[in-house]
Amino acid sequence: MATFEKSGKANPAAAVRHAHVIGWGMAVPETVMTNDDLSSFVDTSDDWIFARTGIRQRFIANEGESTATLAYRAAQHALEVADILPTDLDLIVVATATPENIFPSTASLVQDWLNAHEAGAFDLSAACSGFVYALNMASDSIRAGSINAALVIGAETMSRILDWQDRSTCILFGDGAGAVILRASETPGGVLSSVLRSDGSGGDLLAIPSVGSIDANESRAGANGSKLYKMSMAGSEVFKFATRVVSESVEQACQIAGVNVSDVNLVIPHQANLRILQAAARKLGIDIEKFMSNVERYGNTSAASIPIALCEAIEQRRIQDQDHIALVGFGGGLTWASMIIRWGISKPSEQHGSLLNRQRRHVQYRIAKWRSRSRRWRRRVNSKVRDLKA
Ligand code: COA
């Protein structure tokens, strides 16, 4: 496999560049909430939820867990599989609708904790389509030659923005994170095509108002404050939108990649609702067996759902070398996005990682803590010295 050196050392014009997935990882909180647990505090039942959505349970972050801690754990697993060092990364993107802060970005926190001090970092907001958007941004940067290795994460703590009294939304979502590492290679394949779309006229169908919104102004004036940071959803409208765009955008992405829909080996869709996936599979004329689904165990983890499903598909050996994989996300915005990947380079059986690299990564994680603390400490001392001089 021909790869490129870290950015700055490579000659991007020297060869055609491709962006390949070389690592993957996921993390979910420890706590499981079943449908029966939910029905103990909201008027619903396991039968109703499972029949309408295919969901049986979801993972819920506890007090010590957050979007960034889940993202960090998923990133560490992805680095193990890729067997590269955090300092090899040029870019970290976290797709999330539940960021740790408005700023600093969740990506910057992960960058600091990993000791990925050669990487740029930012969060991307495209709701449940965010992971495919982020993968597109990173793979385009790799193919253009501006970076060589990127860590792309989808991470959410949806449980923190749900109205737990609203049975039409709180039953659907869960928490978790998934990550992949993309790297430049001369080997053809990897990300072949992407389709990104938005229809802002449907923004009100699925929304979480935040600090910059009209609702925030009203809340400052003492009215309507309860809307802030709470999800609202027009379920049946979103359902219709989702079934339409999944099939349309997968077809478009296939066309751009020069791949027949019938040649797609596995579709890894955003895990919102099993019935949406069944309807989309029918429209596409693809056997539902070719649709990866794990919504039963995780619920809808928004931007994290596609990378989590990807990890499980790999673990279950549902992806083989040279397979064509379709990723498709949809959600708030409204947004939707599809991508075709020709799988290559790394086979799960080869993913053991060298012992030396594993040790070097662990040293870097330890260094990260000290580096971060010492930098903060130095800043404080410097500012004290400046105050004394003033
Ligand atoms: N438990 C029991 N009953 C419930 C319920 C729950 N959790 N939620 C709603 N109901 C009731 C409603 O009150 C309604 O009762 P009524 O007929 O007496 O008024 C009835 O069930 C039907 O409600 P409706 O909203 O029409 O159900 P639905 O078949 O559309 O299913 C969703 C609701 C939310 C499961 C479905 O619309 C959906 O999955 N939409 C897509 C949502 C989604 O995926 N969003 C994220 C996209 S990224």
Side-chain angles (χ1 to χ4, degrees), residues 33-58 95-98 124-133 154-159 161-176 178 196-200 202-208 230-249 267-281 283 291 293-296 298-309 327-338:
M33 185 188 281
T34 63
N35 292 346
D36 286 334
D37 294 335
L38 265 169
S39 64
S40 69
F41 61 87
V42 69
D43 183 13
T44 190
S45 66
D46 179 45
D47 286 348
W48 193 96
I49 298 172
F50 186 69
R52 303 283 173 125
T53 68
I55 298 167
R56 285 272 189 218
Q57 63 163 58
R58 70 286 294 141
T96 182
T98 49
L124 185 147
S125 165
C128 306
S129 317
F131 182 75
V132 183
Y133 267 71
E156 303 283 10
T157 41
M158 298 303 285
S159 60
I161 45 91
L162 293 173
D163 176 352
W164 287 100
Q165 306 302 314
D166 176 7
R167 66 179 183 173
S168 64
T169 52
C170 75
I171 56 149
L172 298 172
F173 296 90
D175 301 335
L196 309 185
R197 293 286 186 274
S198 174
D199 173 9
D204 57 329
L205 300 180
L206 192 51
I208 308 172
K230 286 281 175 283
M231 180 188 293
S232 63
M233 183 181 76
S236 60
E237 288 299 315
V238 173
F239 192 100
K240 278 182 259 170
F241 146 76
T243 52
R244 179 174 57 80
V245 298
V246 169
S247 52
E248 274 177 19
S249 68
V267 181
I268 303 185
H270 167 48
Q271 306 287 313
N273 181 320
L274 189 58
R275 288 193 301 141
I276 292 177
L277 307 191
Q278 288 163 339
K283 278 195 176 180
F291 266 63
S293 175
N294 59 9
V295 71
E296 183 173 346
Y298 299 96
N300 179 344
T301 56
S302 188
S305 86
I306 293 176
I308 288 176
L327 308 185
V328 53
F330 53 88
L334 300 169
T335 55
W336 61 103
S338 278

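For ligands, and for the atoms within them, numbers begin at 1 and follow the listed sequence. All values reported here derive from a predicted model rather than from experimental measurement.
- The closest donor-acceptor contact from the side chain of T301 to the backbone of G176 lies at 3.5 Å or more, if one exists at all.
- The CZ atom of R167 sits 13.5 Å away from atom CZ of F41, with the distance rounded to the nearest 0.5 Å.
- When each of M231, E156, R58 is checked for a side chain to side chain contact (heavy atoms under 4.5 Å, CB included) with F173, only M231 meets the rule.
- Side chains of D37 and T34: a donor-acceptor N/O pair is present below 3.5 angstrom, by distance only.
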Are there any N/O pairs under 3.5 Å between ligand 1 and the protein, and if so, what are their distances?
from: ligand 1; atom 1: 1 (N); to: T44; atom 2: OG1; distance (Å): 2.7
from: ligand 1; atom 1: 3 (N); to: W48; atom 2: NE1; distance (Å): 3.4
from: ligand 1; atom 1: 7 (N); to: T44; atom 2: OG1; distance (Å): 3.1
from: ligand 1; atom 1: 7 (N); to: R167; atom 2: O; distance (Å): 3.0
from: ligand 1; atom 1: 13 (O); to: R167; atom 2: NH2; distance (Å): 2.9
from: ligand 1; atom 1: 27 (O); to: R52; atom 2: NH1; distance (Å): 3.2
from: ligand 1; atom 1: 29 (O); to: R52; atom 2: NH1; distance (Å): 2.6
from: ligand 1; atom 1: 37 (O); to: G235; atom 2: O; distance (Å): 3.4
from: ligand 1; atom 1: 39 (O); to: N273; atom 2: ND2; distance (Å): 2.7
from: ligand 1; atom 1: 40 (N); to: G235; atom 2: O; distance (Å): 2.9

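- The backbone N or O of D47 lies less than 3.5 Å from no partner atom in the side chain of N35, so there is not a single donor-acceptor pair.
- In this structure, N273 contributes its side chain and R52 its backbone to a donor-acceptor pair below 3.5 Å.
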